[in-house]
Structure formats: C-alpha cells, structure tokens
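Because only heavy atoms are used, hydrogens play no part in the values below, and waters and symmetry mates are left out as well, while side chains stay in. Here is the naming used below: chain letters follow the sequence lines, and residue numbers restart at 1 for every chain.
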Amino acid sequence: MLSGWQVRNPKLRWPVEIPEALRGQTVLSVGRRAKYLLIEFPPGTLIIHLGMSGSLRVVGADDPHRKHDHVDLLLESGKVLRLNDPRRFGCVVYQPGEADAHRLLHSLGVEPLGNEFSGQTLKQAAKGRRVAVKNLLMDGRIVVGVGNIYASEALFLAGIRPAIAAGRISLRAYEDLAQAVREVLAYAVQRGGTTLRDFLNPDGQPGYFAQELYVYGRSGEPCRKCGTTIKSIVLGGRSTFYCPTCQKA
DNA sequence: ATAGTCACCTGAGCGC
DNA sequence: TGCGCTCAGGTGACTA
C-alpha cells in the first residue's frame, strides 16, 4: 500500500507525476515494458524509467536521503522505495487505466527476449529503409531494450557492419543479428548490466565488466577475435564501434 | 514517412 | 589544487 510520497526534485526528464488518487492504494502488480517499470494500482499505473543512471532501493523510513535521491514512495510497511538518479534522465509518470495507453508505451516495439522477436521482425521493419542497421536496431518502435553499447556488441557478434543500410541486409543476416541481440542482452542481465565510469547496479556493485565487451569503447585496440584494430564512427549522434575484419556484411 | 540532429543532465577525465 | 572543456548515455522532440 502506498501511504504517501515525497518528491524532493520533480524535475526529471518529465515533471514527476503522482496523483492524489494513489494515496492509500494497494499495489496490484509490478511489471515491466521495455525499460519502463510499471507499478499498477487500482486507478492506474506509475511508470518509472531509470534513464541511464537511476536506481531504486528499499530503505528504512528514517534513512537520511543522499544526493540525487529525488523521489520517495512511502510504503505501508514503513519502508521507503527511493529513486536516486544523478543524471535525471529517468521519469516517474502516471497513466490512469490501461498503462499501455500512455504515449511513452503505446508505440513500443517487441521485447527482444520474447517470442515475437526474430530475424523476420527486423527484416520486415527494414524493408525499403536506408537508415543504418545500427539505428534500426536501436529504434524502440521496432524492438526495445537495445541501447548504444549492446547495439555495437550485437552487430559484432553477428558479423554485420553498423553503417550498412538496413534495407540491404538479408533475412539470414537478420536472423544472426536477432540471435546476437538475445545473447548479448541475456548475458548482460545475468552479469548485472554494464558498468562504465560511475555507473553501478542497484547493489552499488559494478556489473558486466567493460573488459568483457568485444568492441564498445575499444577504438584503436585489437579485436579480441582477430586482432584487427577496432574502428569507431558516429551514427545517429552516437559513438559506434566495430571490427573491420569480423564485420564484413 | 524517413533520416538526421538536438536536447536534457551530471560527473569523470583531461589539459593547463 | 582548481578550473574549464568535452564526452557519455536513453529517447523524445524537432528540423529538413
């Protein structure tokens, strides 16, 4: 039961939105869609995103707040579900009724670890598209969950050059890519995410060590498979890494 | 409709 | 030691 809340800084990616209607309401379910956490109450759903630096922790009621602890959800048990987000790229918003109706959720693509995601999904979406395959892979309207780091990693595993026009890639190659996406994400989840710089997982521990990455952030270093120097380019305003030898397609 | 760019924000890392 | 600059990420908004 949500007995109350405290918003110290409402200025996240969008203004923090917790309606009075939720006071005293019981949590019906906790779920997830793409990178959005969904906390369902009878009147509607709180939609929480951690951006890239956010974390949620359960702390004691009198635990002093620290820097960047922006939102507290006060639970009936006396515990507090506390959102910390240094970069403030996250959000806490609300959708009455059906959560999927929210503008942030309604046009999202398929889940990468679900059954609907396949090479066929990508091939279909890529039809006639000239955009770089990496950008297609990161387009949340097609498939969700593939961020900048894992996009480079998956393309490496599939042997596909990031800048190739999406529409020119074969179904066969897309099947390899879909499989690579599943492998990369499943492994990253198992390892607790990727740690770069100051980013830590919710336990405050570093996750998937950067030294396990094949290409991301390794510009100028030797490919772990063939020794060729890893190259970097910019696609969609994001740094992109690949091995010129292992990625020929 | 599609493709490309910009913006948001903070802390780390760098050169001086 | 301290300052100022650049960069990174997720993803919606905006411009051609």
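Base contact: A:R238 has a heavy atom under 4.0 Å from a base atom. At a threshold of 4.0 angstrom between heavy atoms, the contacts of A:G147 are confined to the sugar-phosphate backbone, with no base atom among them.
Both A:V131 and A:I164 belong to a common hydrophobic cluster when Ile, Leu, Val, Met, Phe, Trp and Tyr are linked at side-chain heavy-atom distances under 4.5 angstrom. No chain of hydrophobic side-chain contacts below 4.5 Å, direct or via other Ile, Leu, Val, Met, Phe, Trp or Tyr residues, connects A:L46 to A:W14.
Using a 4.0 Å cut-off between charged side-chain N and carboxylate O, A:K123 and A:E175 make no salt bridge. Salt bridge status for A:E111 with A:R32: present, with a side-chain N to carboxylate O gap under 4.0 Å.
Cation-pi contact between A:R82 and A:W5: absent, since separation from the ring centre below 6.0 Å together with deviation from the ring axis within 45° is not met. In this structure, A:K225 satisfies the cation-pi test against A:Y214, with its NZ or CZ atom closer than 6.0 Å to the six-membered ring centre and inside 45 degrees of the ring normal.
One finds a side-chain N or O of A:K67 lying less than 4.0 angstrom from the OP1 or OP2 phosphate oxygen of B:dG11.
One interatomic measurement links the two molecules: CZ of A:R66 to P of B:dT10, which rounds to 19 Å at whole-angstrom precision. If you take CG of A:N148 and C1' of B:dT5, they are 15 Å apart, rounded to a whole angstrom. Straight-line distance from the NE2 atom of A:H49 to the C1' atom of B:dC9: 15 Å, rounded to whole Å. Distance, A:R87 CZ to B:dA12 P: 8 Å, rounded to whole Å. Note: CZ (A:R141) to C1' (B:dA3) measures 10 Å, nearest angstrom. In this structure, A:M138 places its CE atom 19 Å from P of B:dT2, rounding to the nearest Å. Between A:R88 atom CZ and B:dA7 atom P there is a gap of 17 Å when expressed in whole angstrom units. When rounded to the nearest whole Å, the span between CG of A:N135 and P of B:dA1 equals 20 Å.
One distance of note links CZ of A:R103 with CD1 of A:I47; it measures 9.5 Å at 0.5 Å rounding.
Per the stacking criterion (ring centres < 5.5 Å, plane angle < 30°), A:F89 does not stack onto the base of C:dT11.
Annotation: of the two residues near DNA chain B, A:K127 and A:G237, the 5′-most nearest-nucleotide partner is A:K127.
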Filtered N/O pairs between nucleotides 12-16 of chain C and protein, under 3.5 Å:
from	atom 1	to	atom 2	distance (Å)
C:dG12	OP1	A:Y36	OH	3.2
C:dG12	O4'	A:R13	NH2	3.0
C:dA13	OP1	A:R103	NH1	3.1

